[in-house]
Structure formats: C-alpha cells, structure tokens
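Below is one structure, written out as structure tokens; comments come after it.
Just so it is clear, the structure is predicted and the values come from calculations on it, not from any experiment. Both backbone and side-chain heavy atoms feed into the values below; hydrogens, waters and symmetry mates do not.
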Amino acid sequence: MSARNPKITSAIISLSFFIFSTVPLTAQNENIISPYVQLQYFKNSGDLRYLQTTLTYSSNRMEMPLSGMNISFYTESDGKKLLGTSLTNDKGIARFDLGNNISLPMNKDGFWAFNAEFSGNDTIEAGNMELLVKDVKLEMTLAEVDSIKTILLKAFTSENNKDVPVSDEVIMIYVPRMFSLLPIGEATLDVDGNASLEFPSDLPGDTEGNITIISKFEENPTFGNVERKVIQKWGVPTVSSVPVAHRALWTKTPPMWMIITLSILLAGVWGHYLFAVISLILIKRDARKKKIKND
C-alpha cells in the first residue's frame with residue numbers, strides 16, 4: 001500500500017496541474033475575437049479603381065465593426081507585392097485607391113489577384129481574404145428609339161489587345177433618390193456584349209428635368225463592382241417652391257400652432273416666477289406687520 005501512494009500522489013498532482021493550467025487558457029481563448037474580412041473591388045464612372053475591406057466580428061448575433069485596424073493590401077498576380085496600407089474607419093471599412101501609377105500585373109488567365117491581410121493583435125485573430133478580378137469596360141448610351149427613351153449598354157474586356165464582348169451578365173439600372181437608389185430594371189448582355197432597356201417617362205427630375213442614370217455590375221464574381229453614370233433630361237421637371245403665405249417648420253414663418261403652444265408654455269413659466277415674487281413680498285409684509293403688532 002505504501003508503495004502505491006507516491007504514484008497516486010504524483011497522478012493527482014499531474015491531473016490538478018493540467019486542470020488549473022487549461023482553465024486560464026480556455027478563458028483566454030474565449031476572449032479572442034475572430035474577425036470577418038471582406039474584400040471588394042470598385043470601379044466608378046470616372047474609371048477610378050479602389051479596393052475596399054470591411055473588418056467586423058460577431059457579438060450577440062450582431063455584426064460589429066472593428067475600427068482603427070491596419071489593413072495591408074497586396075497584389076499576388078506575379079508574386080506577392082505590397083500595394084499599401086489603410087486604417088479601418090468607425091464602420092470597419094478600409095479603402096485603398098488603385099491609382100494609374102500603380103502597376104497591376106495580371107495572371108495567365110487575365111485576372112488581377114488581390115489580397116487584404118489583417119495581422120491581428122493580442123485580442124483579435126489575424127485574417128485575410130483573396131480576390132480575383134478581371135478588368136471590364138462598361139459603356140452606357142442614352143438614345144430615343146422610335147420616340148422611346150432607351151438605355152443602350154455595352155461591356156467588353158481586353159485580351160491580347162483585342163476587345164472581347166461580355167455575354168450573359170446582368171447589369172442593374174438605378175436612379176438616385178433622396179436616401180437610396182431606385183431600381184429601374186435589369187438588362188442581360190447578349191453574345192455581342194450589348195443590352196438595352198426602356199426608360200420610364202414618369203420619373204421626376206430636378207427643376208429642368210435632369211435625372212442621373214446609373215448602370216452597374218454589382219458584386220459580380222468576375223468583374224466586381226463597376227458603374228457608369230449619365231445625366232440626361234429624361235425626368236419630369238419638378239417645382240419645389242413654397243408659397244409665401246405657407247407656414248411650416250422649414251419656412252421663416254413658423255406654424256400658428258407652434259406659436260400658440262410656445263406662448264402658453266412661456267406664460268406658464270413666467271407666471272410661476274411672478275407668483276413666487278409676489279408670494280415673497282406678501283410673506284415679508286405679513287412678517288413686518290406681526291413684528292409691529294407684537295411690539
């Protein structure tokens with residue numbers, strides 16, 4: 001019995017050490033944040049290109065941004081090369097502009113290969129995301145065909161210095177509204193890379209009828225996000241002038257109900273002040289009379 005006691009004691013000590021050493025490690029792992037890294041490519045109407053990374057994490061089933069984090073952007077088409085770095089804003093978004101002076105080599109399939117990396121820190125794990133994008137040229141022409149306002153679209157890529165039409169891809173059409181983009185419709189490119197869409201004739205524009213029309217590749221797996229904008233007098237002119245006698249919150253003359261309500265509130269406030277002053281005067285007068293009477 002005495003020969004077994006040292007072995008049992010040693011086993012108990014080893015087990016205790018294992019339990020107590022793993023508890024802090026488990027608690028520490030639970031505090032480590034596992035981020036989500038999203039990488040997107042954008043090309044706007046002025047042919048300005050940029051990469052955009054969104055860094056977030058999940059907390060109580062809600063997606064929360066990670067701000068102030070340094071993101072490194074790389075091109076990997078011809079070996080890994082650092083393009084630059086950018087910090088995430090309060091929405092967890094970091095943007096890197098791909099200026100014309102930046103060389104972007106293509107891989108053998110004609111794609112640009114990008115990578116966004118977050119190196120991590122003591123509380124946040126590292127993360128990265130890769131993206132393959134092919135450059136595309138999107139053209140939009142507005143014309144009236146048989147008195148019908150028509151949007152003409154064309155998309156093509158370049159291979160061996162030759163234009164190759166893009167087919168069977170969907171392009172979305174929008175017009176800007178006050179808080180968002182209003183979808184007008186979608187058009188599918190044919191084998192020649194062309195598509196057309198009839199434009200509605202009852203959409204309001206500005207005072208002169210100008211309206212902005214936007215065509216987009218949206219989250220396209222090959223081309224990313226590419227858009228074209230054209231301003232045309234295809235909208236219905238709108239008049240937003242307000243009558244001089246009109247009373248509203250945004251005019252110089254406030255509504256009558258507001259004037260009456262404010263007058264009642266101010267009268268109540270100043271009435272309380274006046275009541276308090278009169279009460280103090282009466283109290284002082286009564287105290288003086290009692291003093292004279294007692295004397």
Expected output: side-chain [X] to main-chain [Y] donor-acceptor under 3.5 Å:
| X | Y | answer |
| --- | --- | --- |
| Ser77 | Ala113 | yes |
| Asn89 | Ile93 | yes |
| Lys233 | Glu208 | no |
| Thr75 | Leu104 | no |
| Asn160 | Lys162 | no |
| Asn44 | Gly46 | yes |

- Taking the six-membered ring of Phe111, is NZ or CZ of Lys134 closer than 6.0 Å to its centre and within 45° of its axis?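 Yes, Lys134 lies over the aromatic ring of Phe111.
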- Working for side-chain contact (heavy atoms from CB on, under 4.5 Å), residues Met140 and Leu152: CA-CA 6 Å; Met140 178 171 60; Leu152 303 175; over 6 Å; no
- List the steps, then state whether side-chain contact (heavy atoms from CB on, under 4.5 Å) holds for Val166 with Thr157. CA-CA 7 Å; Val166 176; Thr157 60; 3.9 Å; yes
Could you pull out the closest heavy-atom pair between [X] and [Y], with the gap in Å?
| X | Y | result |
| --- | --- | --- |
| Val37 | Ala116 | CG1-O, 4.3 Å |
| Leu189 | Gly193 | CD2-O, 3.5 Å |
| Ser201 | Val236 | O-CG2, 3.7 Å |
| Gly99 | Arg49 | O-NH2, 4.1 Å |
| Ser45 | Arg228 | O-NH1, 3.2 Å |
| Glu186 | Leu197 | O-CD1, 4.0 Å |

Nearest 0.5 Å please: distance from the [atom1] atom of [X] over to the [atom2] atom of [Y].
| X | Y | atom1 | atom2 | result |
| --- | --- | --- | --- | --- |
| Tyr57 | Glu63 | OH | CD | 11.0 Å |
| His272 | Ser279 | NE2 | OG | 11.0 Å |
| Leu280 | Lys284 | CG | NZ | 9.5 Å |
| Leu142 | Ile231 | CG | CD1 | 11.0 Å |
| Ile171 | Ser215 | CD1 | OG | 6.0 Å |
| Leu39 | Thr53 | CG | OG1 | 4.5 Å |

Is there a chain of hydrophobic side chains (I, L, V, M, F, W, Y, each step under 4.5 Å between heavy atoms) that links [X] to [Y]?
| X | Y | value |
| --- | --- | --- |
| Phe217 | Met172 | no |
| Ile283 | Phe275 | no |
| Ile33 | Tyr36 | no |
| Leu265 | Met256 | no |
| Leu182 | Ile151 | yes |

Just wondering, do [Y] and [X] contact through their side chains at under 4.5 Å, heavy atoms?
| X | Y | result |
| --- | --- | --- |
| Ile211 | Leu203 | yes |
| Asn220 | Glu169 | yes |
| Phe199 | Val175 | yes |
| Ile71 | Leu87 | no |
| Ile184 | Pro200 | yes |
| Gln52 | Phe42 | yes |
| Thr85 | Ser72 | yes |
| Val230 | Ile214 | no |

[X] atom [atom1], neighbour heavy-atom count above 12 within 6.0 Å:
| X | atom1 | result |
| --- | --- | --- |
| Lys80 | NZ | yes |
| Arg177 | CZ | yes |
| Asp286 | CG | yes |
| Lys229 | NZ | no |

Is a salt bridge present between [X] and [Y], judged by a nitrogen-to-oxygen distance below 4.0 Å?
| X | Y | value |
| --- | --- | --- |
| Asp97 | Arg95 | yes |
| Lys43 | Asp135 | yes |
| Lys154 | Asp190 | no |

- Item | Candidate list Leu138, Val136, Val133, test side-chain contact (heavy atoms from CB on, under 4.5 Å), partner Phe223, passing option |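 Among the candidates, only Val136 passes.
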Answer with yes or no whether the side chains of [Y] and [X] bring together a donor and an acceptor at under 3.5 Å.
| X | Y | value |
| --- | --- | --- |
| Ser34 | Glu125 | yes |
| Glu198 | Thr150 | no |
| Glu218 | Asn225 | no |
| Glu117 | Asn115 | yes |
| Glu219 | Gln40 | yes |

- Message: Under the rule for side chain to side chain contact (heavy atoms under 4.5 Å, CB included), what residues qualify as partners of Asn121, not counting sequence neighbours?
- Response: Met69, Phe118, Thr123, Ile124
- Query: Between Trp112 and Leu132, does a side-chain contact (heavy atoms from CB on, under 4.5 Å) hold up when you go through it step by step?
  - Reply: CA-CA 6 Å; Trp112 291 323; Leu132 291 175; over 6 Å; no
- Taking the inter-plane angle between the rings of Phe114 and Tyr41 on a 0 to 90° scale, is it parallel (under 30°), tilted (30 to 60°) or perpendicular (over 60°)? parallel
- Task: Only pairs at least two apart or in different chains count here, so list each ring-ring contact (aromatic ring centres under 6.0 Å, His included) that has a residue in residues 62-101.
- Result: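 Non-adjacent pairs meeting ring-ring contact (aromatic ring centres under 6.0 Å, His included): Phe73-Phe96.
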- Could you walk me through whether Leu66 and Thr56 pass the side-chain contact (heavy atoms from CB on, under 4.5 Å) test, one step at a time? CA-CA 5 Å; Leu66 290 169; Thr56 59; 6.0 Å; no
